[in-house]
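Take a look at the structure below.
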Amino acid sequence: MSEKLRGNILVTGANRGIGLELVRQLAQSIGENAHIYACCREIEGPRAQALKNLSTPGKITLVKLDLSDEGSISSAVQAVSRNMEAGGLNLLINNAAINRPESPAPLSATGKQHMMDVYETNVVGPFLLVKMLLPLLQKAAEMDSEGDQMSCSRSAIVNISTLISSIEKCPESFHIAQMYPYRTSKAALNMLTRCHAEEFKRHNILVTAVHPGWVRTEMGGEKAPLTPEDSVAGMLSVMLSLSNKHSGMLLDWQGNTIPW
Ligand SMILES: NC(=O)c1ccc[n+]([C@@H]2O[C@H](COP(=O)([O-])OP(=O)(O)OC[C@H]3O[C@@H](n4cnc5c(N)ncnc54)[C@H](OP(=O)(O)O)[C@@H]3O)[C@@H](O)[C@H]2O)c1
């Protein structure tokens, strides 16, 4: 990346997979006045070790955040607000998510609790997080004197969605990955993206959903063709290119539009 994202950036699900790689590449590329808030469920112990091993002194603050727990979301937002002092939040990347039951997750193996758990983490969590972080996102947008220009450096929410959230494209992938809870939760996250884009455009806050590709992580599995490095490099480059016309859209990691 030759250009750089700036300001305060918050990433959820930062301890492994795509979230960890987002933090690693951001920490390498951001300037001195930028800072990353890397959120994960456990900030002590082995699950946070890979994040702690990133050698980036002063650039990353670890924040404890469980998206299925409203109290945890509230505590995380308070901690971030205190840490930012006078500044605002420039970029929120809603990356954390779960997929239950294990893929391919056919109807016969899927129950009420799977539907509830996945919706809670993938939709309700980001909904509450955005609601509580809105004053900080507004502050960042107001501190910038760029008129009505939106960007990920000014004030933005990027929701990590998926190709298989697309209702139009469902027939192409349904038989290999049924995943009722996951698909429906990400379709709901897309609607949240669209609603937030409508509501927040008066504040000049950009809101876009991005599909990372099929990526080799715990969720993506070993057969996935893309490495986290390539997926994240692509998504960061897309984030740098986002402007008003992309708010309320679903794009892939290469910047192509995905139909709803
Ligand atoms: N991999 C793919 O092929 C692919 C394709 C399309 C979209 N995506 C999307 O890309 C994003 C990242 O996926 P990934 O492949 O990196 O998944 P992953 O390897 O399974 O990592 C998921 C991350 O989310 C965190 N998380 C889970 N539940 C949480 C909760 N209640 N509160 C806070 N954090 C929680 C996990 O933390 P713990 O370690 O504590 O569990 C972990 O950091 C997700 O939104 C996913 O839907 C992935």
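Predicted model, so just to flag it, every value in this text is computed and none were measured. Computed from heavy atoms alone, side chains included, the values below leave out hydrogens, waters and symmetry copies. For ligands, and for the atoms within them, numbers begin at 1 and follow the listed sequence.
- Annotation for L250: hydrophobic cluster partners, listed by chain and number, are L163, I258, W260 (ILVMFWY side-chain heavy atoms under 4.5 Å, direct or chained).
- Shortest non-hydrogen contact noted between I160 and N95 is CG1-CA, 3.7 Å.
- The residues lining ligand 1, counting any heavy atom closer than 4.0 Å, are G13, N15, R16, G17, I18, R41, R47, L65, D66, L67, S68, N95, A96, A97, I98, T121, I160, S161, T162, Y182, K186, H211, P212, G213, W214, V215, T217, E218, M219, G220.
- Not a single ring-ring contact (aromatic ring centres under 6.0 Å, His included) links H246 to another residue, sequence neighbours left out.
- Pairs engaging residues 170-207 under the ring pair (Phe, Tyr, Trp, His ring centres under 6.0 Å) rule: F174-Y180, H196-F200 [sequence neighbours left out].
- Residue K52 comes nearest to E44 through the heavy atom pair NZ-OE1, 3.1 Å, listed as atom of the first residue, atom of the second, then distance.
- What you find for R183 and C170 is that their closest heavy atoms are NH1-SG, 3.9 Å.
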